[in-house]
Amino acid sequence: MSLSKILLYYTFTPIADPTAVMLWQRDLCESLGLKGRILISEHGINGTVGGDMAACKKYVRKTKDYPGFKDMEFKWSEGGAEDFPKLSVKVRDEIVAFGAAEELQVDEEGVVGGGAHLNPEEVHALVDKHGDDVVFFDGRNAMEAQIGKFRGAVVPDVDTTHDFIAELDSGKYDWMKDRPVVSYCTGGIRCEVLSALMKNRGFEEVYQLDGGIVRYGEKYGNKGLWEGSLYVFDGRMHTEFGEDYARLGHCVHCGEPNDVFVNCANEDTCRKQVLICENCVADPATAVCLDCAEPAGPAS
Ligand SMILES: [Zn+2]
Ligand SMILES: [Zn+2]
């Protein structure tokens, strides 16, 4: 039995020929028996792959041969090839889909004009200095914040990353343009782009949480400014930083504490993920999201 692992990584760096990099990466992964998903654009690479430990090590070494990838950080996590249905290596306009391919500028140092990176200790220092003036700005989909967020954070009304530009342009957040703003997301990649888009729109003092909630949680657990569960994009759906976490999520039907998202049972027409407890999921009438639920009462 050999040990297996999952690798998570991204970097923003100019890629002159994304198709050539895609073909090279596909061959490399196939030859090593890795599965997972890799996106490549003119702005960089964003990947999650799993396989044998030895194959993962070799993948990291070979990938770092490409000059733009030589300083890329790889996060190692539990799992393996069996956690992915197949290998998918694709060229896209963007490695995170903000709909900002034209606006985003990238050079050898990464995203041009992004927010300054703060590690968890530096975030605390900023809060010590400026107190409640500091605004935490959630860079994820609004749904993810239903089960966990930074205390007092502003959660934009976005279903997908694609909605951020319209949201920022709406004027709703203009009040924070002269305040210190700390943008945060799961692992940091979304804030690389988001913080640059915010600065381009006149937000003067924008920071980004380096390594995202994941690194913050590893450092401070539930003893810092983070509250609740972290939504994750794998079979686990959510994860916590220790048992002593705050339960922010509630079943949309009965209100019981609940951190588990399920797909709305109306799967043919509705793709919403929604917080529904075990009891309510068992009843077809409450196994659906609120929009799909039969109107109760005489309103109709
Ligand atoms: Zn319920
Ligand atoms: Zn629904």
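The structure presented is a predicted model; accordingly, all values stated were derived computationally and were not measured. No hydrogens, no waters, no symmetry mates; every other heavy atom, side chains included, goes into these values. Just so you know, ligand 1 is whichever comes first in the structure, and atom 1 is the first atom listed for that ligand.
A 6.0 Å sphere centred on CD of Glu82 holds more than 12 heavy atoms belonging to other residues, nucleotides or ligands.
Phe74 and Tyr9 have tilted rings, their planes meeting at an angle from 30° to 60° on a 0 to 90° scale. Using cut-offs of 30° and 60° on the angle between ring planes, the pair Phe150 and Phe136 is parallel. Between Tyr220 and Tyr216, the ring-plane angle classifies as tilted under the 30° and 60° cut-offs.
Proximity of Phe137 to Leu194: side-chain heavy atoms (C-beta onward) are separated by under 4.5 Å at one or more points. The shortest side-chain heavy-atom distance between Glu73 and Thr11 does not fall under the 4.5 Å cut-off.
Around the Zn ion (ligand 1), the protein contributes the following N, O or S atoms under 2.8 Å, ordered by chain and number: Cys251 SG, Cys254 SG, Cys277 SG, Cys280 SG.
Between Cys270 atom SG and Cys264 atom SG, the angle centred on the Zn ion (ligand 2) amounts to 110° (nearest 10°). To the nearest 10 degrees, the Zn ion (ligand 2) sees SG of Cys289 and SG of Cys292 at an angle of 100°.
By the ring-ring contact (aromatic ring centres under 6.0 Å, His included) test, His250 is found to be paired with no residue, residues two or more places apart in sequence or in another chain being considered.
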